[in-house]
Amino acid sequence: MTTSITSSGNQGPLEGAVVAVAGAAGPAGRAALLRLAEAGATVVAADADAERLAEAVDAARYAHGGATVTGDTVDLLDLDATREWADRTEKEFGRIDGLVHLVGGWRGSASFAETDLADWDLLEKLLIRTVQHTSLAFEGALKRSGNGRYLLISAAGASRPTAGNAAYAASKAAAEAWTLALADAFRKAGGEAGPHAAAAILVVKALVNDQMRAERPNAKFAGFTDVTELAEAVIGVWDRPAREVNGQRLWLTPKP
């Protein structure tokens, strides 16, 4: 049965929604947890770093008293463990309305010739394998939600790779392609009525946060997206119909 996750009055726009966040312990994850909790969602966070995850979950709970924010240490490189996380979440909360993929990582080189294929080995795991596992694990629940969202955070470099970013750009491009395949699955499942769930890609040049600004006070970070702006954009994807955002690259920075 499908129930609404929207609300009015003093409630948040995601009141009643259950949203999972993969890679929740980093700066972008922390911002997402805070904004999702503020929007009224039940937030289920996962990360491989238990200590940093606990800090992020506590911060979101304290900032928004009464918010339900939980944390699970999950190895997203293990498909069975990822499926168990999804199944456990849906069983406990009765639904899953979103998966926000914030697992990141970067490796680069001074030139194309100096590319270290060990960088590819790492980035393939972080940026592709975790997308594969979370999408496969959460697809069914997002379909059942009635208004589910799978959100990948990607980089403009996937569309215009540079010589020193071959491994990173190729990994991001592959993650985007996988997410678009999920979007097509949602489209087909919706039939003539259109998709009831959406997979979308939020594209940034790069992310910036207050700590980075403090460490580099003279840097301009031109074109970068603040993690709080990213979190706001994540919330906004639920404001638009699934048909409108499914399979779309939503640019938060000017297209290259």
Note to self: With clusters defined by side-chain heavy atoms of hydrophobic residues (ILVMFWY) lying less than 4.5 Å apart, directly or transitively, does V57 cluster with V21?
What the structure shows: yes
Next item on the list: Write out all pairs satisfying salt bridge (charged side-chain N to carboxylate O under 4.0 Å, His left out) with one or both partners inside residues 45-67, taking only residues at least two apart or from two chains.
Entry: R30-E55, D58-R61
Notebook entry, point to check: Can you tell me how far CG of D75 sits from CH2 of W85, rounded to the nearest 0.5 angstrom?
Noted result: 12.0 Å
Check: Do the side chain of K205 and the main chain of A222 share a donor and acceptor less than 3.5 angstrom apart?
Finding: yes
Check: If you look at every heavy atom in A169 and P161, which pair is closest and at what distance?
Finding: CB-CB, 3.4 Å
Check: Looking only at heavy atoms, what is the nearest atom pair of A41 and V19, with distance?
Finding: CB-CG2, 4.2 Å
Notebook entry, point to check: Given V18 and T89, is the side-chain contact (heavy atoms from CB on, under 4.5 Å) satisfied, shown in steps?
Noted result: CA-CA 9 Å; V18 178; T89 298; 4.2 Å; yes
Item checked: Shared hydrophobic cluster for L136 and I96 (ILVMFWY, side-chain gaps under 4.5 Å) -> yes
Next item on the list: Could you walk me through whether E139 and L182 pass side-chain contact (heavy atoms from CB on, under 4.5 Å), step by step?
Entry: CA-CA 8 Å; E139 178 198 15; L182 174 62; 3.8 Å; yes
Margin query: Which heavy atom of S111 sits nearest to which heavy atom of S109, and what is that distance?
Written below: O-OG, 2.7 Å
Next item on the list: Check R83, K143, R144 against E90 for a salt bridge (Lys or Arg N to Asp or Glu O under 4.0 Å) and give me the one that passes.
Entry: R144
Notebook entry, point to check: Which pair of heavy atoms, one from L34 and one from A63, lies closest together, and at what distance?
Noted result: CD2-CB, 3.5 Å
Margin query: Tell me whether L99 shares a hydrophobic cluster with L77, the cluster being built from Ile, Leu, Val, Met, Phe, Trp, Tyr side chains joined at under 4.5 Å.
Written below: no
Checklist line | 4.5 Å side-chain heavy-atom contact, R149 and V245 | finding: yes
Checklist line | Of all pairs that satisfy salt bridge (charged side-chain N to carboxylate O under 4.0 Å, His left out), the ones with a partner from residues 108-127, not counting sequence neighbours | finding: E124-R129
Note to self: Could you measure the distance from the CG atom of L152 to the OG1 atom of T134? Nearest 0.5 Å is fine.
What the structure shows: 8.5 Å
Notebook entry, point to check: Given side chains that start at C-beta, do those of L230 and L102 come closer than 4.5 Å, heavy atoms only?
Noted result: yes
Item checked: Test item: V204 and F224 side chains (from C-beta on) under 4.5 Å apart, heavy atoms -> no
Notebook entry, point to check: If you measure from NE2 on H133 to CZ on F138, what distance do you get to the nearest 0.5 Å?
Noted result: 13.0 Å
Checklist line | Backbone N/O of V103 and side chain of T130: donor-acceptor pair under 3.5 Å | finding: no
Checklist line | Worked check of side-chain contact (heavy atoms from CB on, under 4.5 Å) between L252 and V203 | finding: CA-CA 6 Å; L252 305 184; V203 185; over 6 Å; no
Checklist line | W178 and S135 side chains, donor-acceptor separation under 3.5 Å | finding: yes
Margin query: Going by side chain to side chain donor-acceptor pair (under 3.5 Å), name the pairs with one or both residues in residues 228-237, residues two or more places apart or in two chains.
Written below: R35-E232, D226-T228
Next item on the list: Answer yes or no: is there a donor N or O on one side and an acceptor on the other, between the side chain of N165 and the main chain of Y168, under 3.5 Å?
Entry: no
Margin query: Testing the basics here: between G105 and L126, what is the closest heavy-atom pair and its distance to 0.1 Å?
Written below: CA-CD1, 4.2 Å
Check: Is the closest basic N to carboxylate O distance between R240 and E244 below 4.0 Å?
Finding: yes
Notebook entry, point to check: Quick one: OH on Y150 to CG on L142, what's the gap to the nearest 0.5 Å?
Noted result: 9.0 Å
Distance-only donor-acceptor hits, side chain of residues 185-202, under 3.5 Å, sequence neighbours excluded:
{"residue": "R187", "atom": "NE", "partner": "D184", "partner atom": "OD1", "Å": "2.8"}
{"residue": "R187", "atom": "NH2", "partner": "D184", "partner atom": "OD1", "Å": "2.7"}
{"residue": "K188", "atom": "NZ", "partner": "D184", "partner atom": "OD2", "Å": "3.3"}

Notebook entry, point to check: CG/L53 to CG/D72 distance, rounded to the nearest 0.5 angstrom?
Noted result: 8.0 Å
Check: How would you list all residue pairs meeting salt bridge (charged side-chain N to carboxylate O under 4.0 Å, His left out) that involve residues 173-183, not counting sequence neighbours?
Finding: E176-R249
Notebook entry, point to check: Given the rule that I, L, V, M, F, W and Y join up when any side-chain heavy atoms are under 4.5 Å apart, are L250 and L151 in one cluster?
Noted result: yes
Margin query: Grouping I, L, V, M, F, W and Y whenever their side-chain heavy atoms are under 4.5 Å apart, do W120 and L122 come out in a common cluster?
Written below: no
Next item on the list: Indicate whether any N or O donor in one side chain lies under 3.5 Å from an N or O acceptor in the other, for D97 and W238.
Entry: no
Notebook entry, point to check: Between L33 and A45, which heavy-atom pair has the shortest distance, and what is it?
Noted result: CD2-CB, 3.8 Å
Check: Are side-chain N/O atoms of N218 and R216 paired as donor and acceptor at under 3.5 Å?
Finding: no
Check: Say you draw a straight line from CG of L123 to OG of S171; how long is it, rounded to the nearest 0.5 Å?
Finding: 4.5 Å
Next item on the list: Using the salt bridge (charged side-chain N to carboxylate O under 4.0 Å, His left out) rule, collect all pairs that involve residues 157-172, keeping only residues at least two apart or in two chains.
Entry: none
